[in-house]
Amino acid sequence: MSDNLSELLGRKGLDENLFDKMGILAKPSGAPNEEELALLADEFLVGKANVYGTTTFYDFLKPENQGKKVYVCNGTACLCAGTQDNVNESLKSHFKEEEIGHMTCLGRCHENSAFFYQGKNYSGDAIDKLGDIVGDEENLNQDTYQVAASGKAILTAPFTTVSDYYQPFLDALKKDSAQVLEEIKTSNVRGRGGAGFPMGLKLEFCRNVENPTKFIICNADEGDPGAYSDRYLLEERPHSVLFGMLISGYVTHASYGILYIRAEYPEAVQIVQDAVNELRDQGLIGKNINGSGFDFDFKIIQAQGSYICGEETALISSIEGQRPEVRVRPPYPAQKGLFNKPTVVNNVETLAAVHYIMKNGGAAWKAIGTERSSGTKLVCLDSFFNRPGMYEVEMGTPLSTVVNDLGGGFKSPVKALQIGGPLGGLVPVSKIGDLTVDFESFANGGFLLGHASVVSVPEDFPMMKFIEHLFDFAAYESCGKCFPCRLGTKRGQELSTKALTSDYKIDRKLFNDLLTTLEQGSLCAHGGGIPLPIKNALHYFEDELKAYFN
């Protein structure tokens, strides 16, 4: 990453954003042409190789996307449900094969059969109404899923009105921002997207850096198959996310908020923009908000299809218009982030927790859950459950309660649950009774809570095929910055494919060395995290897998 390039790409500000313009150029045909890219390069004073290198990375900008009209979800939940072959075949009756592309998880894991057409997502029995959809019949993209809280409803509480909901924000503006930050630190709210880093500390690091320009970024690039909690919050509770960003801006002295929303959630972009417009109409964003001297405004940037952008430094590079490669740390984004300015990146659910803390105090949030994992957590259950949907539970809730009481158990035999996305652990059903929904329980058990997305692996799904799928996903989505991940994930995919399709036996020592190299040598959690579920599979499903190893 070049400091000079970051500075150069930031000189026109957020309104004139290079990455945004690339997306606009791609809309008519699926990918910008080289002449258009050359003009963009001249406009931003960068080389043609820079803009070409960026666009060829993303699924929905690269030349291969030219002419694509419809996209099939190839996420893990749909794969395990076995619905997508039928979706593909049905689409071929209306589209040429070269007009069909793929997207990775559309957030329709509760009913599968998911596909994307003309800016909308479809799932469930929509594939049986394809003629009507192609004929532009409205509202066939709507889906419903169970939403409930097992205890206190916080993130799932009904929305009231803008004026009522934002009163705690106006009250906070009358206090010293240091006092407001202390409430967040007292709550011990931890990041809900992965490692669980305390939000208050991240905000404090940024606050302590002297710089007139700072950014708050909402990482809405939820790409973990099985997870649709961010989608719920963006589409059903957008103000909870905007509220959290406003408070984050106030305590860090940042004036800009950016929502980086994944391309696979097209409906969310317009819903969040409408919510931002509401705030503008009521004078809750802009210059000198409510006479407080605090300035803050929002910018929505639509992602273009890349799982690695869920990693905060890759996301920052993406917004700048660079290839989304992971950056070496330190320096951390709170010190040097977007356009080399202090930046805080938090995911959707983390930001949504701030409203309750501001309204009720940090101690009230801290009193919920466990000592080290406070508050509530959204858990998403896929279509293998009798009651698929999204449940808000207190941290520390037994996983068995989520599976059996809230989810109603399984519709058909399941042998394992992958919880926390592709980099999350693979929990055999025999271990469900040993875990509680909190960071420590999962870590101590050798798993990862992460987003708390639950993807069921059915009894008849070959575990070796699941391992091949994980490696294939990791190799395809690698940013390529470091050799262990770029080469290691591909070697893993090749080994598992060869073992599945021939008499080849994988050398177990070689395979273990590969996993260790990925785990210890990768620059970020993408390459470093993929060995976890594979190690879980080797440990808990040894009898099933031993035929593939020598």
Side-chain angles (χ1 to χ4, degrees), residues 72-87 103-115 121-127 143-148 150 156 222-233 235 264-265 307 349 377-393 397 399-429 431-432 435 437 442 447-463 465-466 469-470 473 533 536-537:
V72 180
C73 177
N74 67 352
T76 311
C78 283
L79 173 76
C80 288
T83 59
Q84 300 313 87
D85 286 345
N86 176 59
V87 171
M103 283 186 166
T104 301
C105 194
L106 302 181
R108 301 297 185 103
C109 317
H110 55 285
E111 60 184 15
N112 310 121
S113 298
F115 64 98
N121 287 336
Y122 299 88
S123 56
D125 63 0
I127 193 64
D143 67 326
T144 57
Y145 50 90
Q146 180 80 16
V147 177
S150 64
T156 56
E222 169 187 71
D224 289 346
Y228 45 96
S229 50
D230 287 4
R231 178 188 160 220
Y232 164 80
L233 291 169
E235 295 180 3
E264 293 86 349
Y265 290 171
Y307 179 77
E349 188 178 339
K377 182 77 192 75
L378 299 178
V379 181
C380 301
L381 304 183
D382 70 2
S383 63
F384 279 91
F385 289 85
N386 284 304
R387 287 194 295 273
M390 195 195 69
Y391 297 93
E392 182 175 13
V393 302
T397 299
L399 182 59
S400 59
T401 298
V402 176
V403 170
N404 299 316
D405 298 346
L406 300 177
F410 302 111
K411 295 175 183 174
S412 57
V414 165
K415 61 184 173 185
L417 304 175
Q418 184 167 35
I419 301 178
L423 314 180
L426 193 65
V427 180
V429 291
K431 299 290 288 184
I432 289 173
L435 297 171
V437 181
F442 271 68
F447 307 110
L448 178 76
L449 180 62
H451 244 110
S453 55
V454 179
V455 172
S456 304
V457 182
E459 193 70 57
D460 59 357
F461 195 97
M463 193 53 70
K465 184 179 176 182
F466 193 80
H469 165 73
L470 290 175
F473 174 87
N536 291 154

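Every heavy atom of this structure was used, including side-chain atoms; hydrogens, water molecules and symmetry mates were not. Numbers here simply count residues along the sequence, with the first being 1.
Rounding to the nearest 0.5 Å gives a distance of 11.5 Å between CD1 of I432 and OG1 of T401. Here the straight-line distance linking atom CZ of R387 with atom CG of N404 works out to 10.0 Å at 0.5 Å rounding. Atom OG of S113 and atom CG of D125 lie 9.0 Å apart (nearest 0.5 Å). Going from atom CE of M463 over to atom CG of N536 covers 10.0 Å, rounded to the nearest 0.5 Å. Residue F473 holds its CZ atom at 12.0 Å from CG of L79, rounded to the nearest 0.5 Å. Taken to the nearest 0.5 Å, the CG atom of L233 stands 9.0 Å off from the OG1 atom of T156.
F410 has its ring centre no less than 6.0 Å from the ring centre of F384.
Residues P413 and P458 have side chains not in contact (no heavy-atom distance under 4.5 Å, counting atoms from C-beta outward). Between E111 and D143, the closest side-chain pair of non-hydrogen atoms falls below 4.5 Å. Side chains of D230 and H451 form a contact here, defined as non-hydrogen atoms less than 4.5 Å apart. When side chains are defined from C-beta on, Q84 counts as touching C78, because their heavy atoms get closer than 4.5 Å. In this structure the side chain of K377 reaches within 4.5 angstrom of the side chain of E349, judged on heavy atoms. For the pair F466 and T76, the minimum side-chain heavy-atom distance is below 4.5 Å. Contact check for L106 versus S123: no side-chain heavy atoms found under the 4.5 Å cut-off. The shortest side-chain heavy-atom distance between V414 and V429 falls under the 4.5 Å cut-off.
Applying the side chain to side chain donor-acceptor pair (under 3.5 Å) rule to Y307 yields the partners D224; only residues at least two apart in sequence or on another chain are considered. Partners of E235 by salt bridge (charged side-chain N to carboxylate O under 4.0 Å, His left out), not counting sequence neighbours, listed by chain and number: R231. Remark: T83 engages no residue in a side chain to side chain donor-acceptor pair (under 3.5 Å) (not counting sequence neighbours). Scored by the side chain to side chain contact (heavy atoms under 4.5 Å, CB included) test, S383 finds A81, N112 as partners (sequence neighbours excluded). For T397, the side chain to side chain donor-acceptor pair (under 3.5 Å) criterion is met by no residue, not counting sequence neighbours.
D382 and S456 are linked by a side-chain donor-acceptor pair at a separation below 3.5 angstrom, with hydrogens and angles left out of the test.
Under a cut-off of 6.0 angstrom, the local environment of NZ in K415 is crowded, with over 12 non-hydrogen atoms contributed by other residues, nucleotides or ligands.
The shortest non-hydrogen separation linking M390 to Y228 is N-OH, 4.0 Å. Contact between N74 and H469 at its shortest, heavy atoms only, is O-CE1, 4.1 Å. In terms of heavy atoms, S453 sits closest to P225 at OG-O, 3.7 Å. Residues L406 and Y391 share a closest heavy-atom pair of O-OH, 3.1 Å. The two residues C380 and S229 make their nearest non-hydrogen contact at SG-N, 3.4 Å. Contact detail for A227 and C109: the closest heavy-atom pair is N-SG, 4.3 Å.
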- Query: When you look at E392 and V147, which way does the side-chain contact (heavy atoms from CB on, under 4.5 Å) test go after all the steps?
  - Reply: CA-CA 8 Å; E392 182 175 13; V147 177; over 6 Å; no
- Start with the C-alpha gap between L426 and V457, add the side-chain angles, then the distance that decides, and say whether side-chain contact (heavy atoms from CB on, under 4.5 Å) holds. CA-CA 9 Å; L426 193 65; V457 182; 4.1 Å; yes
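When the options L448, V455, L399 are evaluated for a side-chain contact (heavy atoms from CB on, under 4.5 Å) with I419, the one that passes is L399.
Residue pairs that meet the side chain to side chain donor-acceptor pair (under 3.5 Å) test with at least one member in residues 416-428, sequence neighbours left out, do not exist here.
Classification of the Y232-Y145 ring pair by plane angle, with boundaries at 30° and 60°, yields perpendicular.
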